Amino acid sequence: MRFSPVAESTRMRPLWKNPKKMPCNALRRGYFWNNRNPLLMSKPKTAISPTRAENYPEWYQQVVKAADLAENSDVRGCMVIKPWGYAIWENIQRHLDAMFKATGHENAYFPLFIPMSFLEKEAEHVEGFAKECAVVTHHRLEPDGQGGLQPAPSAKLEEPLIVRPTSETIIGATFARWVQSYRDLPILINQWANVVRWELRTRMFLRTTEFLWQEGHTVHATEEEARAETKQMLDVYADFAESVMAMPVIKGEKTAGERFPGAVATYSIEALMQDRKALQAGTSHFLGQNFAKAQEIKFQNVEGELQYAWTTSWGVSTRLVGGLIMTHSDDDGLRLPPRLAPAQIVILPVHRNDEERAIVMQHCETLKLELAAQQYAHEPIRVRIDDRDLRGGDKRWQWIKRGVPLILELGPRDIADEKVFVKRRDIEGKGDAVPRSEIVSTVANRLAEIQQALFDRAKALRTEATIEIDTLDKFEEFFTEDSPGGLAYCHFVDSPTMEAKLKELKCTVRCVPFDGPIESGKCIFTGEPSDRRGIFARAY
RNA sequence: CGGGCUGUAGCUCAGCUUGGUAGAGCGCUGCGUUCGGGACGCAGAGGUCGCAAGUUCAAAUCUUGUCAGCCCGACCA
């Protein structure tokens, strides 16, 4: 997740002022800022370097930086989410929160710290999380005698606390007190929180040591109801991903190996990124009675019998922002779907002197008010005027890199012509002059078109990258190092043979899609009979 | 936890082999010319060379120790 030193330095800057002295490697590989490499001058200039085709992971890092979304912090593996990035997360929260409320859930907040013994209660859960937990062992610091501090030996905790990697255990313990009768059920709770998983390799938004998420936890009287809840929330996620994020997803069930520790069934939405790697964008778990038994969540049913409850949990995280970036962005930076854009429209005033400035600003303010009075997707349109004292080109490129869907320019010439210059971020090119009289009435439509266009483009890419494979040879060919890869639908039966082959190919089973047809086939790894295809892909 | 590497200006780095006034690009500040697709010129500000000890008349440079970080592997939303 750190910017690699190579990329930050040599690749971005002209190391050799005299082109004749440049090593030819550097020339060929385009190690030049803004592609000013003299040998590549014919190539269109892009705001992000390297391009997606040249070096996808590095491109991703550069987009995060150029779009001003986040930066690395002084704490290893943790990022600072900057205002523009956080505003995107806030929009994600706002939409999801409304959807959770609409399905009957309420927000609550549980402790950051979990007694270690809680984690120990569910055996598989221990297995799954123990290795990556941050542990709190002391509650006081004292001088170490050398000008520094140390945890006070006298302040050692009797039982260590772990920083929550997820809250099933502590919420379960709480629910155990809340539930006595079938009349107390269901319990439908959501929590917006931060969690910590001490990952060794981190990447901005996609995998950081601390991340922000939402975790829903529910308790039900019956298995059917809990299963329905699990599916319902997966549907909520899928709906959100597709309609708000414009990110096409596939709903499916995880295999045993990919299941949440302690769950009976794990469902996920899977998205395909532009480098043809899959991203798990959200998960929903049917926990059966496993956690209820571990946490003693019991209730008396109508007949007066004591029963274990059925629980679920489901979550999405700031990882969605990573998915958003990799789904829509291009070689000029971020492209935001209008429904999530912190600013859907930025107006750039163009003026050269104070006299012009006064006139232009007045027109900009009026335009802003008219636009903001319009609605898109049942919300007032979000408009900003950028009147910072910067050169026009710089400013314009900043907003392009930040992914604002519509950039409007308004200068003396436009005012004279009664026009506004409009640039759609999702379309190549400089933009068009639109009559001032039309811009306000058509703006909601324009945003809707952008939203749809981004979705369509992403979906087309996925369709192009999707294939059905029925032989191991073809499978291996599809996932060789040089092959672009993608989503492979294959018959399979979970087995050690398969696991070994997948590991060799750096490939994973993403899920067994719900909408896949039931058809008889043979596992491409073992030849055993199978009736469903699974989706295989390299993944984040 | 194994293997490789790096700590010098806000950022990215050069300088170290062969010890002798602390460097570049970008960024930042000011002034001027520019300005509707990423401007240019001039003038500035900015550093206990990760930390500690040692060798030396003299250490960014050599030696030892120490701390931190990065990359590649095994694990993961």
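No experiment lies behind these values; they were computed from the predicted model shown. A, B, ... follow the sequence lines: proteins, then strands. Residue 1 opens every chain.
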Would you call A:Lys368-A:Glu365 a salt bridge at under 4.0 Å N-O? no

Between the protein and nucleotides 28-37 of chain B, list every N/O to N/O distance that falls short of 3.5 Å.
residue	atom	partner	partner atom	Å
B:rG36	O2'	A:Arg413	NH2	3.3
B:rG36	O6	A:Pro412	N	3.0
B:rG36	O6	A:Arg413	N	2.6
B:rG36	N1	A:Gly411	N	3.4
B:rG36	N1	A:Asp414	OD2	2.3
B:rG36	N2	A:Asp414	OD1	3.2
B:rG36	N2	A:Asp414	OD2	2.2
B:rG37	OP2	A:Lys430	NZ	2.3
B:rG37	N7	A:Arg396	NH2	3.4
B:rG37	O6	A:Gly429	O	2.8
B:rG37	O6	A:Lys430	N	3.1

Would you please name every residue forming a ring-ring contact (aromatic ring centres under 6.0 Å, His included) with A:Phe113, sequence neighbours left out? none

Distance between C1' atoms of B:rG27 and B:rA45 (Å, rounded): 13 Å

Find the distance A:Ile48:CD1 to B:rG38:P and express it as a whole number of Å. 17 Å

Between A:Asp331 and A:Arg52, does at least one N-O distance fall below 4.0 Å, as a salt bridge requires? yes

On a whole-Å scale, what distance lies between the C1' atoms belonging to B:rG4 and B:rG10? 29 Å

Scan residues 397-429 of chain A for pairs that pass ring pair (Phe, Tyr, Trp, His ring centres under 6.0 Å), counting only residues two or more places apart or in two chains. A:Trp84-A:Trp399

Inter-nucleotide P distance (B:rU21, B:rU17), Å rounded: 13 Å

For nucleotides B:rU18 and B:rC28, find the distance between their C1' atoms and express it as a whole number of Å. 37 Å

Residue pairs passing the side chain to side chain donor-acceptor pair (under 3.5 Å) test with at least one member in residues 409-420 of chain A, sequence neighbours excluded, are A:Arg396-A:Glu409

In Å and rounded to the nearest 0.5 Å, what is the CD1 to CG distance from A:Ile347 to A:Leu371? 5.5 Å

Provide a list of protein-nucleic acid N or O atom pairs under 3.5 angstrom, restricted to nucleotides 73-77 of chain B.
residue	atom	partner	partner atom	Å
B:rC75	OP1	A:Lys503	NZ	3.0
B:rC76	O2'	A:Glu199	OE2	2.7
B:rC76	O2	A:Arg207	NE	2.2
B:rC76	O2	A:Arg207	NH1	2.8
B:rC76	O2	A:Arg207	NH2	2.6
B:rC76	N3	A:Arg207	NH1	3.4
B:rA77	O3'	A:Arg319	NH1	3.1
B:rA77	O2'	A:Arg319	NE	3.2
B:rA77	O2'	A:Arg319	NH1	2.3
B:rA77	N6	A:Thr208	O	2.6

Mind calculating the distance between CG (A:Asp74) and P (B:rC67) to the nearest angstrom? 20 Å

Nearest-angstrom distance from the residue atom CG of A:Leu390 to P of B:rG27: 12 Å

If I pick the C1' atom on B:rC75 and the same atom on B:rG37, what distance separates them, to the nearest angstrom? 47 Å

Can you tell me how far C1' in B:rU61 sits from the matching atom in B:rG50, rounded to whole Å? 16 Å

List in chain and number order the residues that pass salt bridge (Lys or Arg N to Asp or Glu O under 4.0 Å) with A:Lys506, two or more places apart in sequence or in another chain; answer none if no residue qualifies. none

For B:rU55 versus B:rG47, give the span between their C1' atoms, rounded off to a whole number of Å. 26 Å

Partners meeting ring-ring contact (aromatic ring centres under 6.0 Å, His included) with A:His217 (sequence neighbours left out): none

Gap separating the CD atom of A:Glu122 from the OG1 atom of A:Thr169, nearest 0.5 angstrom: 10.5 Å

Using 0.5 Å steps for rounding, measure from the OH atom of A:Tyr60 to the CE atom of A:Met273. 10.0 Å

Do any pairs count as a salt bridge (Lys or Arg N to Asp or Glu O under 4.0 Å) and have a residue in residues 315-330 of chain A, sequence neighbours left out, and if so which ones? A:Asp330-A:Arg335, A:Asp330-A:Arg425

With a 6.0 Å cut-off (strictly less than), is the heavy-atom count around CD of A:Gln150, excluding the residue itself, greater than 12? yes

Please identify each residue that fulfils ring-ring contact (aromatic ring centres under 6.0 Å, His included) with A:His363, with sequence neighbours left out. none

Output the rounded distance in Å from CG (A:Asp394) to P (B:rC26). 14 Å

Want to know the stems of RNA chain B: at least 3 consecutive Watson-Crick or G-U pairs with distances under 3.5 Å, which are they? B:1-7 with B:67-73, B:10-13 with B:23-26, B:28-33 with B:39-44, B:50-54 with B:62-66

Expressed in angstrom and rounded to an integer, what is the separation of A:Glu71 atom CD from B:rG27 atom P? 18 Å

ring-ring contact (aromatic ring centres under 6.0 Å, His included) involving A:Phe110 - partner list, sequence neighbours excluded: none

Write down the distance separating the P atoms in B:rC26 and B:rG69, rounded off to the nearest Å. 31 Å

Identify all pairs in which a protein N or O lies below 3.5 Å from an N or O of nucleotides 43-47 of chain B, and state each distance.
none

Could you tell me the separation between the CZ atom of A:Arg203 and the P atom of B:rC70, rounded to a whole number of Å? 15 Å

